[in-house]
Number of protein chains: 2
Amino acid sequence: MSEAPYRRIMNALRSEIASGRLAPGDRIPSENELAQSFSVSRMTANRAVRELAAEGLVFRTAGSGSFVAEQRLELSLLRVPDIIEEIRSAGGHYSARLIARNRSPARGEIASAFEVPAGWELLHTLIVHESDGRPIQLEDRYVDPAFAPDYLDQIFEARSPNAYLTAIARPEQAEQIVEAVAADSQIARLLNVSRGHACLKVKRRTWCGGRIATLAWLTAPGERWRLNVKFSL
Amino acid sequence: MSEAPYRRIMNALRSEIASGRLAPGDRIPSENELAQSFSVSRMTANRAVRELAAEGLVFRTAGSGSFVAEQRLELSLLRVPDIIEEIRSAGGHYSARLIARNRSPARGEIASAFEVPAGWELLHTLIVHESDGRPIQLEDRYVDPAFAPDYLDQIFEARSPNAYLTAIARPEQAEQIVEAVAADSQIARLLNVSRGHACLKVKRRTWCGGRIATLAWLTAPGERWRLNVKFSL
DNA sequence: AAGTGGTCTAGACCACAAA
DNA sequence: TTGTGGTCTAGACCACTTT
């Protein structure tokens, strides 16, 4: 069961890009060069690069060449995507920093968004997700202890909160509200950007069994995150 | 400038699916049948169907066939909202400033996003939407003249480009890509914010008859615009 | 056994970009 | 002019599903 040649080429280029040997803006080998070095026909090399372009990893200009695109995660708003998967599929090395992990009584906006009375105790984590050591997303999450009592005992460096929670039970419903915000001092520090930097912030709620299971704010530097919604009418 | 054969096949199948002549679960013609009826090689038919599968419009099973996928998005929750409606329903008084209105040859990102050759002439408008006299959204829109030849003659102060265009024909498909950007000098001036201000920017494309009908960038100050996506899984 | 998708090949022609 | 990507062709072999 060996890998299809066009996939071998895609993976090879992905590694080059992930490792930084091919940096954004760099030209990648032409189709003819790839065909020769991988001992395949040009059509096979073409398909490999074409599919990388469809993924957004490279962009191509006829007559000029194919170039490594700015690395930018693209997530669909119609799914509840897993950050670790997204980073890996973009060719990055995932890591995480756990900033806070505690029990926290709901109040104000959190209580009202969670639809629980003020003072209700929720599980809380604050995590910085990193791609190749660079902060890429700040996740501020609240979880209903009735839904996932062992939530705080998880090893978040290995499994994202989202992956753990969806493994417990698939949500029936999700809501995502998107806005652009200027980085405040905490966000600036944790994401390693300057204060006032344009960030994309998603407030996400998911429902299980008719009740809100988790509430999370996901914040990322604007230039490193894009959200995509494509639908038929 | 005729259309590439594999795109002709894709569009033909899209129409069949959009019209309901091919319903979810139906088998579409095999690659060999498509190759014969469109007078192309099997590789060309293969590419057409493969790309439709990548879009999620069909799914394929080796040995069995290709089938129309369930189109099960919660449409009521996803729409292409009209800015005038939004402002009025929020209790604001709508007005608009027409900054530019012209014919413009497509090039670079616009040509590639519109999937037309460079130099193709598009209709272009640049409009600032205002609520109670305050700039609230900048709309930079390109329209295919074949789709809406009279587009430039509209009175945009009374009817939004979006409302006019959807009145001509309902799009079958829409794509919206969201990002956070810092205001550049033009955006800052037109939206009356400072340079670097965090803005939400949506790139929206809509399809009619298998072709891209319009492409628009919608930019708004982050604190005045939120996007909401709620869906069932 | 016949048909399907999945993939590869070794050529080809074109429009376009850079030198 | 040379090289690039964009595309098409007419064959081919394979693993798989259906009959």
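We name chains A, B, ... by the order of the sequence lines, and we start the count at 1 in each one.
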Exercise. Is there side-chain contact between B:Phe38 and B:Pro5, with at least one heavy-atom pair below 4.5 Å?
Worked result: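 No, side chains not in contact.
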Calculate the interatomic distance between [X] atom [atom1] and [N] atom [atom2]; express it in whole Å.
X       : N      : atom1 : atom2 : value
A:Arg50 : D:dT7  : CZ    : C1'   : 9 Å
B:Gln36 : D:dG11 : CD    : C1'   : 16 Å
A:Phe59 : D:dG5  : CZ    : P     : 12 Å
A:Arg47 : C:dT7  : CZ    : C1'   : 7 Å
A:Glu31 : C:dC16 : CD    : P     : 17 Å
B:Glu51 : D:dC8  : CD    : C1'   : 14 Å
A:Arg42 : C:dT7  : CZ    : C1'   : 18 Å
B:Ile28 : C:dG3  : CD1   : P     : 19 Å

For this session: Could you say whether A:Gly63 or B:Val49 is positioned toward the 5' end of DNA chain C, judged by the nucleotide with the nearest heavy atom to each?
Result: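 Its nearest nucleotide lies further toward 5', so the answer is B:Val49.
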Problem set entry | Contact nearer the 5' end of DNA chain C, comparing A:Thr61 with A:Arg7 |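 Nearer the 5' end of the strand: A:Arg7.
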Among [options], which nucleotide has an atom closest to any side-chain atom of [X]?
X       : options               : value
A:Met43 : D:dT7, D:dA10, C:dA17 : D:dT7
A:Asn32 : C:dC8, D:dG5, D:dT4   : D:dT4
A:Ser64 : C:dT7, C:dA18, C:dT9  : C:dA18
A:Thr44 : C:dT9, D:dC8, D:dT4   : C:dT9
A:Asn46 : D:dC8, C:dC8, D:dT7   : D:dT7

Can you tell me if the side-chain N/O atoms of [X] get under 4.0 Å from OP1 or OP2 in [N]?
X       : N     : answer
A:Ser30 : D:dT4 : yes
B:Ser66 : C:dG5 : yes
B:Arg60 : C:dT4 : no
A:Tyr6  : C:dT7 : yes

For this session: Quick one: label B:Val40 by what it contacts on the DNA or RNA (base, sugar-phosphate, nothing), any heavy atom closer than 4.0 Å.
Result: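 Counting heavy atoms under 4.0 Å across all strands, the contact made by B:Val40 is with sugar-phosphate only.
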Problem set entry | Salt-bridge criterion met for B:Glu16 and B:Arg21 (N-O under 4.0 Å) |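 Answer for the salt bridge query: yes.
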Exercise. Any Lys/Arg nitrogen of A:Glu31 or A:Arg50 sitting under 4.0 Å from an Asp/Glu carboxylate oxygen of the other?
Worked result: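 Not counted as a salt bridge, because no side-chain N and carboxylate O are separated by less than 4.0 Å.
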For this session: Check the side chains of B:Asn11 and B:Arg14 for a donor-acceptor pair under 3.5 angstrom, ignoring hydrogens and angles.
Result: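 Distance-only check passes for B:Arg14 and B:Asn11.
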Exercise. Do the numbers put A:Arg47 on top of the ring of A:Tyr6, so that NZ or CZ is under 6.0 Å from the six-membered ring centre and no more than 45° off the axis?
Worked result: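 Checked: cation-pi criterion met.
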